[in-house]
Amino acid sequence: MNNKIVLIILLLAAAGMQAQYKYDNRYESKIDSIIKLMTLEEKAGQLNQLAYGWGWGPTVKSEVKGDYAKMVAEGKIGSFLNAVGADLTRDLQKVAMEKSRLHIPLIFGFDVIHGFKTTFPVPLAEVASWDPAIVEYSAKMQAKEAAATGIHWTFAPMVDIARDSRWGRIVEGAGEDTYLGSIMAAARVKGFQGTLGNENIAACVKHFAAYGAAEGGRDYNTVDISERVLRETYLPPFKAALDAGALTFMCSFNEIAGVPSSGSKFLLSDVLRNEWQFKGFVVSDWNSPGEMINHGFAADLKDAARISITAGLDMDMESRAYTAYLKELVEKKQVPVADVDESVRRVLRVKFILGLFDDPYKYCSKEREQNFVMSKEMQDAALKVAEQSIVLLKNNGVLPLKDAYKKIAVVGPCANAKKIPLGSWEQYGDSNDVVTVLEGIKKTYPKADVTFVQAVTITDTTKAGFDEAVQAAKDAELVIAVVGEDGHMSGEASCRASIDLPGVQNELVEALQKTGKPLVVVLMNGRALALGAIDKNADAVVEAWFPGITCGTAITNVLTGKINPSARLPITFPKVTGQIPSHYNHKNTGRPNDPNNHYTSGYLDTDINPLYPFGYGLSYTAFKYGTVKLSKQSIKATDKITVTVPVSNTGKLEGTETVQLYLRDMVGSVTRPVKELKRFVKVNLKPGESKDVQFTINEEDLKFWDINMHFSSEPGEFRVMVGGNSRDVQQETFTLE
Ligand code: NOJ
């Protein structure tokens, strides 16, 4: 046992246990005095956020648009989104500080989703690292760059659990699992907010709530889920982000069971303000109060303003409902002034916490802007994160690549694409800064003859370019096909009815396979794809997602083995679109699938198993699991139970395994999922090395929203499952007395 190290995974590491930003009463009397001085128009103005438009850039002259300057001077705007740049934000802030009656600073928000100018891998990719430290680091660096351009506040992290890859916004979140999503939500908040200094920005947890449960995977669509599903599956990442200190929330566009989030007293007041004791503010999504008219929940914009403010929606992004109607609604006693004051208090509180009253210009530093934006430090950080995000899905031995090749064919629409790797929220990212896979391969193999054939575009239906690609493959020793989706085929309003590889890319890969040459397929995409044909035809499959500006370098480093891949899937990859929903933590049903019994839950035209399960990913080395041992077979609610499993590196290279622990409550007052992730840890092992991995479980891990609508644990049998992904697990049982 000498060479074995025991790793104790402390429960405290779990999301939800992080220290929340410590609110105290230090600002409250100042806020009281400001509110006393404010007119109703100024209060409504404080709750009004408008979009400035795009203006940042070295060649764009900083200016303050006339109307906006006038409105700021009149106290009619409390916040801008999309006003960026040290000069521009300083100019705007100056108007607020010098020309407005009460000198209340503006707060500038922006969507820093995976970077500002230095584009990092998309959020789903980062989460594939299964490494909260990397995810926190990424958010920290993104915040540092954004804060240098005058931004105070990012509309991130998106923590929406998404079980349907047709939904384009799955790319912005942490995938399908609530526990993994909660850990990553907390990591991102900590990364963005740090110590709330001038290199940090406020986080905005979105979209509250259950936006990812849109029917049919269609964006903005209706959500109808039970309170149990809401509480168990969709809300925990928000709570974890709040516990990590998130200062703001954004409500979602969707309705839940007939009530749009922008007007949901249950979500915004009962849960968020009262149950969770949230002290920051909630911003609407773009015009989401106004959209309640289309929902059929508000008669007109005035009605929308009344519904939203009384529900607890503090700031109005772009529907202009509050500035138009709050004064009248209060004067006519249709809205209590106390509701308006409470929202103003929350907005002012966050401005105080960010230090904007002390130094309204603390983020407007030309020097930091010049030093940090696209600095080497940023680009190195983006590379580090990208390398940890790439998942190896198949490898029959062709990877890692050899040290030398004479002739390599690089094929496909993503192979030399400059824009695609930037993904869906590229913001000020510049495609000229992107290193493509072709460039990465050429740099790594300077002596090789590297032929590039694009062959098709992403959505082409013609095979006219196939012949040239096949000829290049025939002439080469190695074929690298880089295929996938366009960067904007996922993200907002970018849903797909089919999650197959678009166009004729499957056919292209098949044609390349027929040459008999070693074939590596690299994928760029923002969701799970149905990859049956690729898995069948390729010798190796590498999921690179949208890796950001360092794309080609990160991918080449993984292909050559400079980086031994250790990322894992944060979403299930089904075999076909029709298997959706295919999340691993489904219920068992009364007739669990049995391929030999027709009258069980299944399909006539496919089996129910995914192609690649949640948590799956390979390494260039091999790991072996010893027998799982539990410290006790039976526990009381106050006890802890320790789960120990020896893990060995039986391959030839140093590598990192992601050890995962799942639980199942066998019988409950309500039915429970077949398995739920409860712990994971990444373990680095040298060849021949072995470590005992140890997890501690306690009663909190056994709780669920029971038949009486409380979180509680129930006595009975629990199954513990441990393995390297959600499918390949060993199991043991224990009893809760
Ligand atoms: C709409 C999107 O839903 C939201 O995520 C984003 O933060 C806002 N637009 C602002 O750009």
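Remember, it's 1-based here, ligands and their atoms both numbered in the order they're listed.
The shell of residues lying under 4.0 angstrom from ligand 1, judged by heavy atoms, includes M250. For R169, the closest heavy-atom approach to ligand 1 falls below 4.0 Å.
Close approach to F253 involves these atoms of ligand 1, each under 4.0 Å from a residue heavy atom: 3 (O). Of all atoms in ligand 1, listed by their number and element, those nearer than 4.0 Å to a heavy atom of K206 are 4 (C), 5 (O), 6 (C), 7 (O). Taking every heavy atom of F155 and a limit of under 4.0 angstrom, the matching atoms of ligand 1 come to 7 (O).
Not one N or O on the side chain of T577 forms a donor-acceptor pair closer than 3.5 Å with the backbone of S498.
Neither the backbone nor the side chain of M158 comes within contact range of ligand 1; no heavy atom lies under 4.0 Å. Heavy atoms of N82 found under 4.0 angstrom from ligand 1: none, in either backbone or side chain.
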Carefully, step by step, assess F110 and F155 under the rule ring pair (Phe, Tyr, Trp, His ring centres under 6.0 Å). CA-CA 6 Å; F110 191 73; F155 304 124; 8.2 Å; no
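The protein heavy atom nearest to atom 4 (C) of ligand 1 is D285 OD1, 3.4 Å.
Between W286 and ligand 1, no pair of N/O atoms sits closer than 3.5 Å. Between D111 and ligand 1, at least one pair of N/O atoms sits closer than 3.5 Å.
The heavy-atom pair separating P289 from A304 by the smallest distance is O-CB, 3.4 Å. Shortest non-hydrogen contact noted between C251 and L313 is SG-CD1, 3.9 Å.
Other residues, nucleotides and ligands contribute at most 12 non-hydrogen atoms within 6.0 Å of the NZ atom of K327. Atom NZ of K362 sits in a crowded spot, with more than 12 heavy atoms from other residues, nucleotides or ligands closer than 6.0 Å.
Salt bridge status for D285 with K206: absent, with no side-chain N to carboxylate O gap under 4.0 Å.
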